[in-house]
There are 2 protein chains.
Amino acid sequence: MPDKKISIRDIAEKSGVSVATVSRVINQNGRYSAETEARVRQIMEEYNYVPNLLARGLRQQQVPEIGIIVPDITNEFFGRLVVQIESELFEHGYTLTICNTNEDRMIERRYLEMIRAKQMCGLIRISHEHLREEELIDIPTVYLDRIPENIKYTGQCISVESDHEQGGYIATKELIKQGCRNVGIVLHDAEISTKAHEMRYIGYKRALEEANIEFDVKKVIRVKRADCQNGGRAALEFIERRGLPDGLFCTSDLLAVGALDEFLKHGVNVPRQVRIVGYDNISLAKMMMIPITTISHPEHTMVDITCRYFLSAFAKEESELQKKKRIVLPVELIKRETA
Amino acid sequence: MPDKKISIRDIAEKSGVSVATVSRVINQNGRYSAETEARVRQIMEEYNYVPNLLARGLRQQQVPEIGIIVPDITNEFFGRLVVQIESELFEHGYTLTICNTNEDRMIERRYLEMIRAKQMCGLIRISHEHLREEELIDIPTVYLDRIPENIKYTGQCISVESDHEQGGYIATKELIKQGCRNVGIVLHDAEISTKAHEMRYIGYKRALEEANIEFDVKKVIRVKRADCQNGGRAALEFIERRGLPDGLFCTSDLLAVGALDEFLKHGVNVPRQVRIVGYDNISLAKMMMIPITTISHPEHTMVDITCRYFLSAFAKEESELQKKKRIVLPVELIKRETA
DNA sequence: AGTATATGGGTAAAGGATTACTCATGAGAA
DNA sequence: TTCTCATGAGTAATCCTTTACCCATATACT
């Protein structure tokens, strides 16, 4: 067990120098001789000394820590984003503090206050929540994946998202390319906030139009939650009432998984009778008995841009990222066996 | 955007009282009149003041923050644990700081140093890593799920884990109960650290022995990683070379998923020809075309005990938890359609 | 009346690190 | 020799809160 708490003062005393010198050694700020450094380092080692980050942060009015507001870390996509950002920032000496809101705006507000109270130096928000003037924090901010509707690009911030319209478009286009002329869609109808699925829907319609396929509302099923049950129910609806499409675009992989299972259970051959394209590239998609063709987000680029933005902002560089405030990234079709 | 930084001093000045009084109001420490309180609160509101937690922590030599060392937040089981603990502790005024190590011991060490440097008040470790004396931190600690082999229950700590041996036992027993006499096992052979799967194996053997079924090494397949591919490969090995068992215990759900898919692809009827029981109760297990029977961890109890331990430790209560250092919790069979 | 106690609130000392200044010494230049 | 400047290192202020201690005033009790 470590000894009682050791401060920089103790180290200074034991190594016969002033606290200023010890501080310089810790921060490698020059202004000390090699012997002094060796002595100080040895004492620090010996007493297992770790500088108090609270004191340092208090003095510097900042802490190398970035808060990330995330709706649900359990969601695979968000989880992967968080882990990648964390590890990248950690390598550069920054800590990432995860604030899981569970989609609760009050919790988000409390977390934002905490981020301010802890003098963190950066903020990432995956949240549609619109904030009041006084809730904003004046630190570099990245709006990631979910962007508030009436976002104002004032202050130090950028937004990074993927192109959902294009995603819906290329998914549908792939189905058409495979010969489908009767393309349905299972659409997550996120009432409250997220426009993402609506954009995918718009892309779907654009692809249809471009191929001169008449749009048919009968082929559109809206569901309230994007999960397997609803995917299965939608498939059943097609089977029992609306008639089988030859292609089906599901705006989320979970819907696709549920639909696929349901089709198979009813002896519908996928992809022979119905081709399916999902969205999000969750790991489950490729683990299905028939691996699901899907759209994948530019995850790595999103992470990369986010981290680069912070590093350049903290270095007070004027990078090109600072200028281009709104960044929309292309998505990618992952070709597998359902389409 | 909030105004320039406001300190308690500013608030004191603007409301015509001393900083001590403002501090008392903030901390509701009595010693002020109702009018004073109202005035101070109003000024704090008006200036959108948030106390600096670094200064507070520095002064109090502690911060209401608990660090959690976790191998991979992306893993569904760990993710759920973390989210539940976070939300429970947050309700009691504590922050949870997630330290994702990606199974890298150097990263864990760096995180531990950070936890010490930030004066956090509690620690949760999901890690087999054995620490040297000087790496230990003298704060309440919960070893969760993964327990270092030669753990010493000195200082303020408890360990909370589930009973893997019992899990292996009831999984196998269920198969036997369903009439299987020829029960195989796909075993994650975690060389380095985790004894969990070995314990499940021991439980498996105990169930066999109890039912007077002769143990047969031919029915044991060890794999290096617990993923779908390996599950599939193991199933294939049974199909092509070793002969089909009538029951199969997979020590992880991912193995079970892979095996199930492979069996189905080869026209093996599950559960008619082969019954399967998995382990961990991941969400994928119930989403399969044939939902997989599995063993579920006492997740909620683990979370509950962990949080209760901290709350009582911080309140300096002598709870019964402090005494019973090693806590082993029973697991549960989730009956579905593969067994 | 005189003393004890409760109430409301102020003063100033931590708490640990950083950093602007200051200073002594020695080397090199004029 | 004298002046300049680089080097190594110390002093003390500062960051913002909490809190031990102190001090009036008012009330209550012999």
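The sequence lines fix the lettering, A, B, ..., with proteins before strands; numbering per chain opens at 1. If you're wondering where the values come from, they're calculated on a predicted model, not measured in any experiment.
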Name all residues meeting the salt bridge (charged side-chain N to carboxylate O under 4.0 Å, His left out) criterion together with B/Arg31; count only those two or more places apart in sequence or in a different chain, and write none if there are none. none
Along DNA chain C (nearest heavy atom to each residue), the more 5'-positioned of B/Leu58 and B/Ser18: B/Ser18
With A/Ser7 via side chain to side chain contact (heavy atoms under 4.5 Å, CB included) - residues at least two apart: A/Arg9, A/Asp10
Quick check on the helix from C/dA1-D/dT30 to C/dA30-D/dT1: what's the angle between its two end axes, five base pairs per end, to the nearest 10°? 50°
Under 4.0 Å between a side-chain N/O of B/Ser33 and OP1 or OP2 of C/dT7, yes or no? no
Please enumerate all residues that pass salt bridge (charged side-chain N to carboxylate O under 4.0 Å, His left out) together with B/Glu37, with sequence neighbours excluded. B/Arg41
Would you please name every residue forming a side chain to side chain contact (heavy atoms under 4.5 Å, CB included) with A/His130, sequence neighbours left out? A/Asn150
On the nucleotide D/dT18, are OP1 or OP2 found under 4.0 Å from the side-chain N or O atoms that B/Gln61 carries? no
Check side chain to side chain contact (heavy atoms under 4.5 Å, CB included) between B/Arg39 and all other residues, then give those that pass, not counting sequence neighbours. B/Ser15, B/Val17, B/Thr36
Pairs satisfying ring-ring contact (aromatic ring centres under 6.0 Å, His included), at least one member in residues 16-45 of chain A, at least two apart: none
Sequence-distant partners of B/Glu161, side chain to side chain contact (heavy atoms under 4.5 Å, CB included), two or more places apart: B/Ile147, B/Ser159, B/Arg326, B/Val328
Base-contact (B) and sugar-phosphate-only (S) positions in nucleotides 17-24 of chain C, heavy-atom cut-off under 4.0 Å, - elsewhere: BBBB----
